[in-house]
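These notes concern the structure reproduced below.
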Amino acid sequence: MDVLEKGSGAVFTDPDPDKLRAFFQTKSRIKKDKTMSLALAVETFVKDGDYLGIGGFGANRTPIAACHEIVRQKKKHLGFAGHTSTHDMQILSAGRVYDRIDMAYGVGLEARGLSGCSRKYLESGEVKVSEWSNYALSIRLQAAAMGVPFLPMRSMLGTDTFRFSGAVAANCPFTGKKMALVPALSPDVSFVHVHEADIYGNARFEGIAVADIELANASKRLVITCERIVPHEEIAREPHKTQIPYFMVDAVCEVPFGAYPGTMPNAYFSDEPHLKEWMAEERDPEAFAQFLEENIYGCKDFQAYIDRNGGMEKMRQLRRREFMTDGEAE
Amino acid sequence: MDVLEKGSGAVFTDPDPDKLRAFFQTKSRIKKDKTMSLALAVETFVKDGDYLGIGGFGANRTPIAACHEIVRQKKKHLGFAGHTSTHDMQILSAGRVYDRIDMAYGVGLEARGLSGCSRKYLESGEVKVSEWSNYALSIRLQAAAMGVPFLPMRSMLGTDTFRFSGAVAANCPFTGKKMALVPALSPDVSFVHVHEADIYGNARFEGIAVADIELANASKRLVITCERIVPHEEIAREPHKTQIPYFMVDAVCEVPFGAYPGTMPNAYFSDEPHLKEWMAEERDPEAFAQFLEENIYGCKDFQAYIDRNGGMEKMRQLRRREFMTDGEAE
Amino acid sequence: MTDYNQMEMMIVIAARELENGATVGVGTGAPCAAAMLAQKTASPDLVIMFEAGGISPDLPEMPISVGDSRTFCKASMAGSMSTIMSSCARGFVDYTFLGGAQIDMYGNLNSTTIGDWESPKVRLPGSGGANDFASFCWKMMVMTPQDKRRFVEKLDFLTTPGWLEGGDSRKNSGLPENAGPHKIITNMAVMDFEPESKRMRVISLNPGYTFEDVQDNCGFALLRLEDLPVTPAPTREELSILRTQVDPGRVVIGR
Amino acid sequence: MTDYNQMEMMIVIAARELENGATVGVGTGAPCAAAMLAQKTASPDLVIMFEAGGISPDLPEMPISVGDSRTFCKASMAGSMSTIMSSCARGFVDYTFLGGAQIDMYGNLNSTTIGDWESPKVRLPGSGGANDFASFCWKMMVMTPQDKRRFVEKLDFLTTPGWLEGGDSRKNSGLPENAGPHKIITNMAVMDFEPESKRMRVISLNPGYTFEDVQDNCGFALLRLEDLPVTPAPTREELSILRTQVDPGRVVIGR
């Protein structure tokens, strides 16, 4: 195809679908028990230098427990899909675990403001950045999931977002119209947090899907963290509810409240005071180092972090907030 | 883009996304009561010469009642997306309502054999044909649903299916690999049969989705036929179950057993003897004309057709067949 | 005359732009407040959509995130980002509200970096869904304080498309046809874009402000209508609904 | 020696090709019977997928349609055609069984027209999902009666890709790499494809048949192994499972 324009941004992952096919050809299709601890899953499936994908939307159904574990295990030189990422990126930046990023949304925590830590890390020059829009990253994941090297889209054109991305522009052979073509993105490893999964990895969730189905199907290795493991028979009774098929999944980790301090639809709402505390602590490097020690490095697991921050009573309170039965107007 | 090869098949619909956008800009977004009789929906939304899409997979969750009504109203010169189409095409061929077809799968009724009527109609030279694969038609619908004029795919290449399609081949700008590019397909009007919808058109179904979500989102006008209308509150209670959003929908028609004699998951199984009867009747033109008179033209509505073929007792029997509680092994 | 603050004024003006039966893609904060106010005043059938997947929710309170549970509470559908963005891409979404650290005379927005991109003074969140919304939604609007540091001659980074370089430049860019910036709402004035040049043009002045006030707080030369009407002030009813039903916690409108 | 018919023989041979833990995209009829037989014999962990969306069902009986309720009965997932085809496209499906009215020496299939496409003698269903399965699945297999009218020198229409014109032609076509026709199973013999020329090659003879029988019933020159083993006949156990558990209604294996 005639390339009319080309962004200057790096493409951190190989969009070649035949290489992805060769990898998936060797991936087991057997329905076997994939349950393990999150610590073991991160140890086993996240290698230094891997390109990482994180599901959910910022602090909504986001595998926060996985982000803690990745930082706790001091993973290094990861690539990161900065797609609708807020508190997840804040944690990964605190651990300095990544050194290249496809940046669609990050640094910010939406209406809550900017993460000083994420900001300083990106401003430090230690991180290689390519720019994209959120939908562009969704479409890049979808391309990998579809086994094609690229997909066309109609945003980004004419902007610096395009110029600093790895996209190209070309004319449609049917209409002659200029399209942005974005390369397939297949993370080496991704984490998705769901409500329910069986031991094989068949997974389902409630509420919005964001781009988790694209992410799950695009990722070479996939770890499912879930609020609860359910019997396979329960999944098989209503198979149309399954959103992620077991054969994509490498590990299933039962992590109750694994999206805390973010929101889990119909389960618990975000812990806004704690998220504010995070942002406040970031201001003073020494205080923040101490905060990280207490909340991540010094915690043997995510349960210890939850216990530190209110434990079951806090979870029950956040459940009331989710259902707005706590009488509080935010 | 450099076109390396081009199929000789016609592209019956305009793939220009800006024309589709201009149409959808004027489509109402208001949540209003869209319930009406199927007869009125077909009269109002199907114009002679329209390009027609039919949901489901052959005789599975397929809007058969809509096919009957289209034939009963003697619509003419329709285009048709022959995508996984079996008994639906058999009915539309009997009525000779279409004169051009995107042919991915038709004529056959899967393991049941070939429809003599569909076969003769396509062999008559009265129908203009373009060839595609099933997935190619799904992808063409997906392109329209995504608001892009084409999508790339990796099948069809090197075959006569490609040569007699409207696809083109071009090289991927990222990998240099040759891709098939297929043009967006936006039907003028489509019918999808579901288990439940509210009066606004929010629709959900059980079992496999086939390509119905792509079809619904790609179609300029959309008629939902459903087994039952449910209160909007029921939809709003679990919005993640909604598969088709109301704003795509022009009409909601409650048509119990509207997929008969096909299968409706968790509701009723296909009526194999009646499907065999259809194929047998097709052999003798005069007998078949009489059969159509009795089963379609002479029926005031689909209910009359069902009553003719066993009515509620037959439906109860097919429900037992669906759940395999009838003791019959097929 | 009723007392109100500048945020309340902007929200009320924005709400009046959203006609009944339209669709709007919103984020959190002021845009969401404007959409909720519109629903509770002239536009009960306004359809709200959120980038992360929420379609037509019955918002019980202001969302904190465009993906939190409020954004699909009693909704018609809790879909995905691609459900929303593909709906926008095929022309179903009429309005969107966007913002940024900088805006230029063509309505282009910067939310990526202050200073040079290679070594930024400030790294901002980037496009998020803004570039997509601005590319796909028919009419893009911005609510922002009138400030020389925001209204700049040249953006440090063009994150989100307005009319690009003006004239036919957007038409020729490959972006969907006939979509683009519609209204810019500030504490001092309301602006649209002159049809030929696509340059920002003041079309009404908020109570208490002159054109000179607006120009003095803008980093580029503004076009203007010959006769500039005064933007109607918020009514008692609008303010009372905004304060008691839309944002009782005064999260957006402040205390 | 156990008594069996030719359909039973083909199904048993096909079932033996499906190793435990593999994925197979099947249609109705003989291929589905072969996959079910494999599950009930050597390959309990064989994963069956159906084009219309069914993933890993617990098949209670032979489906009538690749989209009927049996195809996702107690399944892991009831997805969509794109769930299945995209899984095939990214390399997750090892085997598929396809058929057609005609097959050529490179394993290309015709299921579109007999006679000229413009004015066909017989119009057949077309590709359906066959072209996609054959393009994406790693190893494509065919079960068909050995018959001169089916095994032809030149197809009337090349619906579904085999090795195309042989040699490197498929490699250069743009189709996914290293996928293609694997085994052809007939009532008389089992064939594969010679690695260089990609021409059909007889690798074993079914009990009671000679190479000449096969060649006499084939419209093109077949390659052969020097020494042709005899395809092991179906065992009593295979036949009894096929007849009592897979197809008790004898819908596929006949009466």
Side-chain angles (χ1 to χ4, degrees), chain A residues 56-61 82 84 86 103-108 110-112 114 118-119 122-123 125 129 131-136 138-139 142 153-161 163-164 169 177-180 206-214 262-263 265-266 269-270 272 322 324 329-330, chain C residues 27-29 50-54 60-69 71-72 78-83 85 88-89 108 110 112 117 119-136 155 157-161 164-165 169-170 172-176 248-249 251-252:
Chain A
F57 190 102
N60 305 284
R61 205 171 46 69
T84 70
T86 67
M103 187 75 168
Y105 184 93
V107 175
E110 301 190 79
R112 303 174 187 100
L114 298 184
S118 293
R119 223 193 99 178
L122 285 201
E123 292 166 2
V129 181
E131 300 288 335
W132 306 89
S133 69
N134 270 343
Y135 188 46
S138 298
I139 292 286
Q142 191 181 336
M153 65 187 300
R154 302 188 74 196
S155 57
M156 295 211 298
L157 292 161
T159 66
D160 290 333
T161 304
R163 284 177 206 105
F164 290 85
K177 299 193 175 201
K178 191 198 283 185
M179 299 285 132
E206 298 169 18
I208 52 175
V210 195
D212 285 10
I213 292 165
E214 294 91 329
T263 290
N266 305 334
F269 201 69
S270 54
E272 291 304 315
E322 169 68 4
M324 298 182 67
E330 275 288 315
Chain C
T28 51
F50 289 95
E51 164 188 359
E61 66 178 14
M62 297 276 290
I64 294 167
S65 160
V66 300
D68 76 29
S69 303
T71 64
F72 48 90
S80 67
M81 175 174 287
S82 85
T83 309
M85 289 303 180
C88 294
N108 302 301
N110 172 20
T112 302
W117 182 84
S119 48
K121 200 172 311 107
V122 185
R123 173 68 217 203
L124 299 166
S127 160
N131 183 295
D132 307 305
F133 269 149
S135 299
F136 299 146
L155 301 176
F157 191 98
L158 199 170
T159 308
T160 295
L164 298 177
E165 294 85 46
S169 58
R170 178 165 173 142
N172 302 329
S173 67
L175 291 173
V251 176
V252 175

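Just so it is clear: chains get the letters A, B, ... in the order the sequence lines come, proteins before strands, and each one is counted from 1.
Here the side chains of A:Met324 and C:Pro60 are in contact, with some heavy-atom distance below 4.5 Å.
Neither the backbone nor the side chain of C:Leu155 comes within contact range of chain A; no heavy atoms are under 4.5 Å apart. Interface remark: C:Pro63 contributes no atoms to any contact with chain A (heavy atom separation under 4.5 Å). Contacts between C:Ser82 and chain A at a heavy-atom distance below 4.5 Å involve backbone atoms as well as side-chain atoms. Interface remark: C:Leu164 contributes side-chain atoms only to the contact with chain A (heavy atom separation under 4.5 Å). If you measure heavy-atom distances from C:Phe136 to chain A, the contacts under 4.5 Å come from the side chain alone. Interface remark: C:Ala89 contributes no atoms to any contact with chain A (heavy atom separation under 4.5 Å). No part of A:Arg61 comes within reach of chain C, as not one of its non-hydrogen atoms sits under 4.5 angstrom from that chain. For C:Ser119, no part lies under 4.5 angstrom from a heavy atom of chain A. Neither the backbone nor the side chain of C:Val252 comes within contact range of chain A; no heavy atoms are under 4.5 Å apart.
No other option in C:Thr160, C:Thr159, C:Thr28 has as many heavy-atom pairs under 4.5 Å with chain A as C:Thr159. Considering only heavy-atom pairs separated by less than 4.5 Å from chain C, the leading option among A:Val210, A:Ile213, A:Asn266 is A:Val210. For the set A:Lys177, A:Glu214, A:Met103, A:Glu206, the count of heavy-atom pairs under 4.5 angstrom toward chain C peaks at A:Met103. Chain C forms more heavy-atom pairs under 4.5 Å with one residue of A:Ala169, A:Gly106, A:Gly56, A:Pro265 than with any other, namely A:Gly106. Most heavy-atom pairs under 4.5 Å with chain C, from the set A:Gly207, A:Gly58, A:Gly108: that is A:Gly207. When each of A:Val107, A:Leu114, A:Thr86, A:Thr263 is checked for heavy-atom pairs under 4.5 Å with chain C, A:Val107 comes out on top. Your options are C:Pro125, C:Ser135, C:Ser173, C:Gly174, and the one with the most heavy-atom pairs under 4.5 Å with chain A is C:Pro125.
Of all heavy-atom pairs between C:Leu158 and A:Gly158, the closest is CD1-O, 4.3 Å. Residues C:Ser65 and A:Phe57 share a closest heavy-atom pair of OG-CD2, 4.2 Å. Across all their heavy atoms, A:Glu322 and C:Ser69 have their closest contact at OE2-OG, 2.6 Å. For the pair A:Glu110 and C:Ile64, the tightest heavy-atom approach, listed with the atom from each and the gap, is CB-O, 4.3 Å. In terms of heavy-atom proximity, C:Arg123 sits nearest to A:Glu123 at N-OE2, 2.7 Å.
In this structure A:Tyr105 satisfies the ring pair (Phe, Tyr, Trp, His ring centres under 6.0 Å) test with no other residue, sequence neighbours excluded.
The CE atom of A:Met156 lies 8.0 Å from the CG atom of C:Asp132; values are rounded to the nearest 0.5 Å. Separating the CG atom in A:Leu157 from the CG atom in C:Asn172 is a distance of 12.0 Å, to the nearest 0.5 Å. Atom OG1 of residue A:Thr161 and atom CZ of residue C:Phe157 lie 4.5 Å apart, to the nearest 0.5 angstrom. Between the OG1 atom in C:Thr112 and the CG atom in A:Asp160 there is a gap of 8.0 Å [rounded to 0.5 Å]. C:Leu175 contributes atom CG, which lies 10.0 Å from atom CE of A:Met179 (distance to the nearest 0.5 angstrom).
Of the possible donor and acceptor atoms, none in the side chain of A:Glu131 sits under 3.5 Å from a partner among the backbone N and O of C:Gly126. Between the side chain of C:Ser127 and the main chain of A:Ala104, no donor-acceptor pair closer than 3.5 Å is present. Checked by atom type and distance alone, the side chain of C:Asn131 never pairs as donor or acceptor with a backbone atom of A:Ser133 at under 3.5 Å.
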Yes or no on side chain to side chain contact (heavy atoms under 4.5 Å, CB included) for A:Thr84 and C:Met81, after CA distance, side-chain angles and deciding distance?
CA-CA 10 Å; A:Thr84 70; C:Met81 175 174 287; 3.5 Å; yes

